[in-house]
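Heads up: the structure comes next, in structure tokens.
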There are 2 protein chains.
Amino acid sequence: MSEQPATQPRDADKRPTIYEVARLAGVSHQTVSRFLRKDPTMRPDTVRRVSHAVEKLDYRPNLAARSMRTRRTNRIAVILPETTSFVPTRLLSGAAAAAHDAGYLVDVVGLEGDAAARAERIGALLQPANVDGILSFTPLAENLERLAPSGPRVPIVVDGEYDDNMRARALLADAKAADEIVGHLADLGHRTFVHVAGPKTFASALNRRTEYEASVARRGLVSHAVVEGDWSTGSGWKAGREVIAGSPATAVFAANDRVAFGVIRGLQSVGVDVPGRVSVFGWDDDELGRYFQPPLSTVRVNRESQGRAAFQRLLSLLHGKQPAAPMDTAGLNQLIFRDSTAPPPTV
Amino acid sequence: MSEQPATQPRDADKRPTIYEVARLAGVSHQTVSRFLRKDPTMRPDTVRRVSHAVEKLDYRPNLAARSMRTRRTNRIAVILPETTSFVPTRLLSGAAAAAHDAGYLVDVVGLEGDAAARAERIGALLQPANVDGILSFTPLAENLERLAPSGPRVPIVVDGEYDDNMRARALLADAKAADEIVGHLADLGHRTFVHVAGPKTFASALNRRTEYEASVARRGLVSHAVVEGDWSTGSGWKAGREVIAGSPATAVFAANDRVAFGVIRGLQSVGVDVPGRVSVFGWDDDELGRYFQPPLSTVRVNRESQGRAAFQRLLSLLHGKQPAAPMDTAGLNQLIFRDSTAPPPTV
DNA sequence: TTGTAGGCGTTATCAT
DNA sequence: ATGATAACGCCTACAA
């Protein structure tokens, strides 16, 4: 009773393995493995014994060992934009939560800089052996080629981008909201519009812009200008002062709320009243919009569920299914009308 | 020349291993391993041959296999708050970038919900076998006990929290800025203050609040109230209307810019002029503050480098060193004076 | 229903 | 300076 430490010989600093659980439970090591895999063919009594041992030892599986054997990592990589002005936090947490719910771990990698060393590490990370799939919240384009030049590729989903045969349905939600914004402003009596867009590389920005142009044309209205913005308040401010103020436009559709705040403040700074002279519509339902002066009309998008949806799309890919476009396309976007939109001045 | 496929037998869908690299280079598999480990004792010629083979096959190491053998994962976990109103994006990207630079991968895990399954997964993730260290941007408290009840623990750093013997120095930067804010307002002539704080569970919020109270007392000023906020614009709005408006206070120190925006708008909504009647100071240098009405006085904190610093602290722990407090404590916070602060009304 | 053998890709240890 | 062999912890296959 002194030579062999029996059940807990671990060198203090070492986690128990299935072997030690097995020994404590008086079974073989892969009976423990079966237990972990929730094999239904186990005798209830055995389950109990193993379960106790697991608990007593506070056993936790070694993920690396598992994935090496199963060739599945239960991990996805999420690629974040390098842009400092646009970081989709809610998207990230939504996607991460969905991933966790589905039993996946989430690696985040940034696209910042381009040090060779980092490129290499990221390249390694994105191998099939290291990650089951990739979810990107930033346009990828040729970056991908650089990161994983050849060989088998894991499934990739870029948020907001869809392949052709699902484009129509998938983008419908955003397009519909964009069209409704134009419609709302038109109903108020506006005829001349400006759109402050997001970067063209973002599918979502491009889509909104495209739909804006289509909607304006369809309704026989005038698009005075489309300003290329970068999601930032500064770009809105600039557009407000340099393009919109003094122009015949009376209605502005901004790519997001931060831009809209900039537009409004820019206009106010040169004495243009909002919404007296110009109406402004945002997109995101940033909390501040409720308290802004004037309170901002906007689109409430559930970024959390957008993130979840993006992950679901990836998950479908991982399961070998064709990813379905989000079904609840209807309820995804909700227009919120506040005081930043009103009828145009009666000339 | 037909039986053995020589150098690229991989089943189309399989990444090459060091064995295939070895075969192509005409060396043994752990000569390749040495190459990967940058072993300096290799003959230059051998290095060249292996290097070529690696490149030709686009070989990337299998991280799981490596970590299983080395018992190091080169991975850290970053824990994000469940709060939806406060998501430290910049902190995250700063920390992630620093981690990547140091050769570490980053897993993000949220603290959302409490489903047993998720707790289990997270618990597994946080094992030494799965992650080398943990960086948390949210208070952990007893959560930790729940997640990893026993056994060896990996090093943990909670952003903003420091152990006692470094507290003084580490917190100096924030405390100094907080004191300077009070000082600035006092210099303008203010005597009666309100602080709209962040959640007490956040070390940073608690520290600012504590220093606020100390600074006010030290200077013989009056703290009319300390309002418990939650980092949100709404909490600022509420504080502005319900506590500050109609009170004798003429100066407000808000926990962050979003709160400050709420305070200002709340005051304006009940006809209280800022800064005519009340001055408001923020914290964060949110871009919008530059364009706000009035432009917001605030503290510019480099969240990126704060995130980097947090990771460095963890890295020290990982290397077994005592973590040093940030050295550049001086330049970390920079007060920015804009129009939201002015002398109090002359009574 | 449970146990035994083998191997996943890598690095460590020992030879040579 | 390089090669052979074992081991990391787990799971899949097959045997009992």
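Chain identifiers are assigned alphabetically (A, B, ...) following the order of the sequence lines, protein sequences preceding nucleic acid strands; residue numbering begins at 1 within each chain.
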Q: Quick one: list whatever passes salt bridge (charged side-chain N to carboxylate O under 4.0 Å, His left out) with B/Arg75, sequence neighbours left out.
A: A/Asp107, B/Asp107

Q.
Could you work out, with side chain to side chain contact (heavy atoms under 4.5 Å, CB included) as the rule, every residue matching B/Thr46, not counting sequence neighbours?
A. B/Val27, B/Thr31, B/Met42, B/Arg43, B/Val50

Q: Please identify each residue that fulfils side chain to side chain contact (heavy atoms under 4.5 Å, CB included) with B/Ala129, with sequence neighbours left out.
A: A/Asn62

Q: Check the pair B/Phe311, B/Asp101 against side-chain contact (heavy atoms from CB on, under 4.5 Å), reporting the backbone distance first and the verdict last.
A: CA-CA 11 Å; B/Phe311 172 77; B/Asp101 286 347; over 6 Å; no

Q) In the 5'-to-3' direction, what one-character label does each nucleotide of nucleotides 10-16 of chain C receive under the scheme B = base within less than 4.0 Å of a protein heavy atom, S = sugar-phosphate only, - = no such atom? A) BBB----

Q.
Quick check on C/dG3: is either OP1 or OP2 less than 4.0 Å from any side-chain nitrogen or oxygen of A/Thr31?
A. yes

Q | A/Asp39 CG to C/dT2 P, straight-line distance once rounded to whole Å | A | 9 Å

Q | Counterpart residues, side chain to side chain contact (heavy atoms under 4.5 Å, CB included), relative to B/Arg37 (two or more places apart) | A | none

Q) Nearest-Å distance, CZ (A/Phe35) to P (C/dG3)? A) 15 Å

Q: Look at all strands and tell whether A/Ser67 reaches a base, only sugar-phosphate, or nothing, counting heavy atoms closer than 4.0 Å.
A: nothing

(Q) What is the separation between atom CE on B/Met68 and atom P on D/dC11, rounded to the nearest whole Å? (A) 11 Å

Q: Hey, could you give me each pair passing ring-ring contact (aromatic ring centres under 6.0 Å, His included) that has a residue in residues 26-71 of chain A? Not counting sequence neighbours.
A: A/Tyr19-A/His29

